[in-house]
Amino acid sequence: MSSYGGVIISDQWLQSQFTQVELRSLISKFNSVKNQNGKVMAGDLPPLMVKLKAFRDMYSEEDIRGTLSGLGSNFSDEIDFESFLKAYLNLQGQTTAKLGGSKNSSSFLKATTTTLLHTISESERASYVAHINSYLGDDPFLKQYLPLDPATNDLFNLAKDGVLLCKLINVAVPGTIDERAINTKRVLNPWERNENHTLCLNSAKAIGCTVVNIGTQDLIEGRPHLVLGLISQIIKIQLLADLNLKKTPQLVELVEDSNDVEELLSLPPEKVLLKWMNFHLQKAGYKKPVSNFSSDVKDGEAYAYLLNVLAPEHCNPATLDAKPNERAKLVLDHAERMNCKRYLSPKDILEGSSNLNLAFVAQIFHERNGLTTDSKKISFAEMMTDDVQTSREERCFRLWINSLGIATYVNNVFEDVRNG
């Protein structure tokens with residue numbers, strides 16, 4: 001059952017309900033209860049399932065035995081891995097219904113609910129497709145497939161060969177992948193496709209993406225929520241690449257004195273972007289601090305102030321007095337005149353889509369950051385170069401820690417491990 005791409009199930013629908021990480025874990029557990037003849041009996045399932053994290057705190061062995069009996073299981077019959085997975089899904093569905101989405105549900109359950117519960121944001125898909133069409137439209141190999149149509153599954157189908165994702169990683173962090181290592185034939189065999197995805201996942205991890213719940217088989221199948229999740233991380237890394245003092249020394253203007261520069265150096269790019277946004281909003285007279293890219297920008301008012309101070313020549317006096325839905329349209333009209341409308345629609349502002357709002361603000365920063373070119377401050381920032389060897393090692397350890405998928409994201413190894 002194990003093949004070049006991971007655990008393969010003959011029932012395609014059943015295969016689609018699990019990630020490769022989940023399948024590898026479950027088949028290991030299943031194999032552990034085989035008897036001397038290499039068989040697993042239905043009667044072995046209750047004691048096996050009650051030990052799984054998904055059900056351990058919810059059911060006793062007798063509860064599970066009763067549930068399986070209700071599904072028509074004869075405990076003296078032999079059972080194969082696919083039947084085990086079906087029983088697992090049935091029990092998991094009852095668990096989800098029992099929890100009712102309550103706050104008490106375990107993080108494991110939230111992480112392993114079936115793909116029937118995964119929703120795809122059409123706005124995010126459309127924005128990522130526009131980004132790909134813009135940045136990869138001239139690529140010698142991909143131009144035969146681009147532009148992609150956001151209304152279809154073109155994105156997921158093209159991602160199945162791995163070439164698109166590898167090329168996108170090189171756009172985000174140039175030089176990460178030697179393009180000679182990418183298999184770029186029009187029709188790839190399974191091994192070549194698997195090589196591309198292995199290269200993609202290793203490289204994505206190297207630039208700071210979290211890929212602990214994604215296997216090569218998930219990408220080969222083009223599972224939408226996993227493909228979009230990986231693409232969103234890659235694009236985010238690209239858009240936030242310049243939000244540091246080394247790339248943009250003008251950011252030193254955001255701090256009052258040299259004592260605050262160390263704090264600025266340790267901030268993650270998203271926090272630097274928020275700090276930059278609040279810096280301009282304060283100058284514009286906006287009273288409320290913006291602490292996130294969702295609820296704090298839903299009414300469009302912060303955007304109106306930000307764009308008015310950055311591009312007063314395109315200012316529309318009616319924007320601030322308009323109702324939220326009309327204001328969102330006027331804000332994007334203003335942004336369009338600044339060439340900054342790639343990632344958002346009025347609906348995305350009103351719904352507070354955090355990924356797309358972050359991309360929108362990052363695009364504004366790239367187009368017009370509004371920071372002065374104070375030569376004294378900039379020269380001070382440029383002098384703050386770290387030891388090259390230390391920087392390389394710190395980045396290596398930081399990316400490795402973040403690749404493990406732990407809840408706390410490390411932005412600076414020296415600072416973020418101090419509290420233990």
Side-chain angles (χ1 to χ4, degrees), residues 16-19 96 101 105 107 109-136 146-160 164-165 168-169 171-172 200 204 208-214 218-219 221-240 269-270 273-274 290 292-300 302-303 324-325 327-329 331-332 335-336 340-364 405 409:
S16 72
Q17 303 310 299
F18 299 90
T19 66
T96 305
S105 57
S107 59
L109 281 173
K110 290 176 185 174
T112 59
T113 47
T114 70
T115 52
L116 294 174
L117 302 179
H118 289 294
T119 56
I120 303 300
S121 168
E122 295 301 327
S123 295
E124 288 195 24
R125 172 161 68 172
S127 295
Y128 300 153
V129 165
H131 181 97
I132 289 167
N133 289 340
S134 173
Y135 283 92
L136 291 171
L146 302 179
L148 299 173
D149 182 355
T152 67
N153 285 328
D154 285 354
L155 173 62
F156 308 120
N157 292 332
L158 185 56
K160 290 179 179 180
L164 173 68
L165 295 172
L168 196 59
I169 288 171
V171 170
C200 162
C209 295
T210 301
V211 297
V212 289
N213 205 34
I214 306 175
D218 299 318
L219 299 180
E221 292 170 4
R223 298 184 69 187
H225 69 285
L226 295 177
V227 171
L228 275 187
L230 182 56
I231 288 175
S232 70
Q233 290 186 74
I234 296 169
I235 291 177
K236 181 179 176 182
I237 287 169
Q238 177 189 342
L239 293 174
L240 299 178
E270 304 98 293
L273 191 61
L274 280 171
V290 174
N292 58 62
F293 292 107
S294 54
S295 58
D296 287 358
V297 296
K298 284 172 73 171
D299 60 5
Y303 283 148
N325 56 348
R327 186 184 299 136
K329 294 177 183 175
V331 161
L332 292 184
E336 190 169 19
C340 294
K341 198 189 172 183
R342 181 177 299 139
Y343 299 102
L344 271 184
S345 69
K347 182 183 176 185
D348 299 323
I349 294 178
L350 297 172
E351 291 181 351
S353 173
S354 58
N355 283 344
L356 297 182
N357 277 294
L358 183 146
F360 177 61
V361 177
Q363 191 186 15
I364 294 172
Y409 191 86

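Atoms considered below: every heavy atom in the structure, side chains included; atoms not considered: hydrogens, waters and symmetry mates.
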Checklist entry - If you round to the nearest 0.5 Å, how far is CG of Leu226 from CG of Asp218? => result 5.0 Å
Item to check | Candidates Ser353, Ser123, Ser121 - the one meeting side chain to side chain donor-acceptor pair (under 3.5 Å) with Asp348 | outcome: Ser123
Item to check | Smallest separation among heavy atoms of Asn133 and Leu148, with atom names | outcome: OD1-N, 2.8 Å
Next on the checklist: Is the shortest side-chain heavy-atom distance between Leu274 and Phe293 below 4.5 Å?
Outcome noted: yes
Item to check | Point-to-point distance, once rounded to the nearest 0.5 Å, from CG of Asp296 to NZ of Lys298 | outcome: 10.5 Å
Next on the checklist: Quick check: do Ile349 and Val297 have side-chain heavy atoms less than 4.5 Å from each other?
Outcome noted: no
Next on the checklist: Any non-hydrogen side-chain atom of Leu332 less than 4.5 Å from a side-chain atom of Tyr303?
Outcome noted: no
Next on the checklist: If you apply the rule side-chain contact (heavy atoms from CB on, under 4.5 Å), what do you find for Asn292 with Ser354, and how did you get there?
Outcome noted: CA-CA 8 Å; Asn292 58 62; Ser354 58; over 6 Å; no
Checklist entry - Are Ile231 and Leu155 side-chain neighbours, meaning at least one heavy-atom pair lies under 4.5 Å? => result yes
Item to check | Whether Tyr343 and His131 hold their rings parallel, tilted or perpendicular, with breakpoints at 30° and 60° | outcome: tilted
Item to check | Least distance between heavy atoms, Ala362 atom then Leu273 atom | outcome: N-CD2, 3.8 Å
Checklist entry - Can you name the nearest heavy-atom pair linking Cys200 to Ile169, along with the distance? => result O-CD1, 3.5 Å
Checklist entry - How far does CG of Leu230 sit from SG of Cys209, to the nearest 0.5 angstrom? => result 5.5 Å
Checklist entry - Looking only at heavy atoms, what is the nearest atom pair of Thr210 and Gln233, with distance? => result N-OE1, 2.7 Å
Checklist entry - Would Leu358 and Leu240 count as a side-chain contact (heavy atoms from CB on, under 4.5 Å) if you check the C-alpha gap in whole Å, the side-chain angles of each, and the deciding distance to 0.1 Å? => result CA-CA 9 Å; Leu358 183 146; Leu240 299 178; 4.1 Å; yes
Checklist entry - Is there a side-chain contact between Val171 and Ile132 (heavy atoms, below 4.5 Å)? => result no
Checklist entry - Glu221 and Lys160: which non-hydrogen atoms are nearest, and at how many Å? => result O-CE, 3.3 Å
Checklist entry - Is there a donor-acceptor contact under 3.5 Å from the side chain of Arg327 to the main chain of Asp299? => result yes
Next on the checklist: With no hydrogens and no angle check, just 3.5 Å: does a side-chain donor-acceptor pair link Asn355 and Ser232?
Outcome noted: no
Checklist entry - Passes side-chain contact (heavy atoms from CB on, under 4.5 Å), Leu168 versus Tyr135? Steps please. => result CA-CA 8 Å; Leu168 196 59; Tyr135 283 92; 5.7 Å; no
Checklist entry - Under 4.5 Å between any side-chain heavy atoms of Leu350 and Pro324, yes or no? => result yes
Item to check | Shortest non-hydrogen contact from Pro346 toward Lys329 | outcome: CG-CG, 3.8 Å
Checklist outcome for this item: Taken to the nearest 0.5 Å, the spacing of Leu239 CG from Glu270 CD works out to 11.0 Å
Item to check | Working for side-chain contact (heavy atoms from CB on, under 4.5 Å), residues Ser294 and Asn357 | outcome: CA-CA 7 Å; Ser294 54; Asn357 277 294; 5.7 Å; no
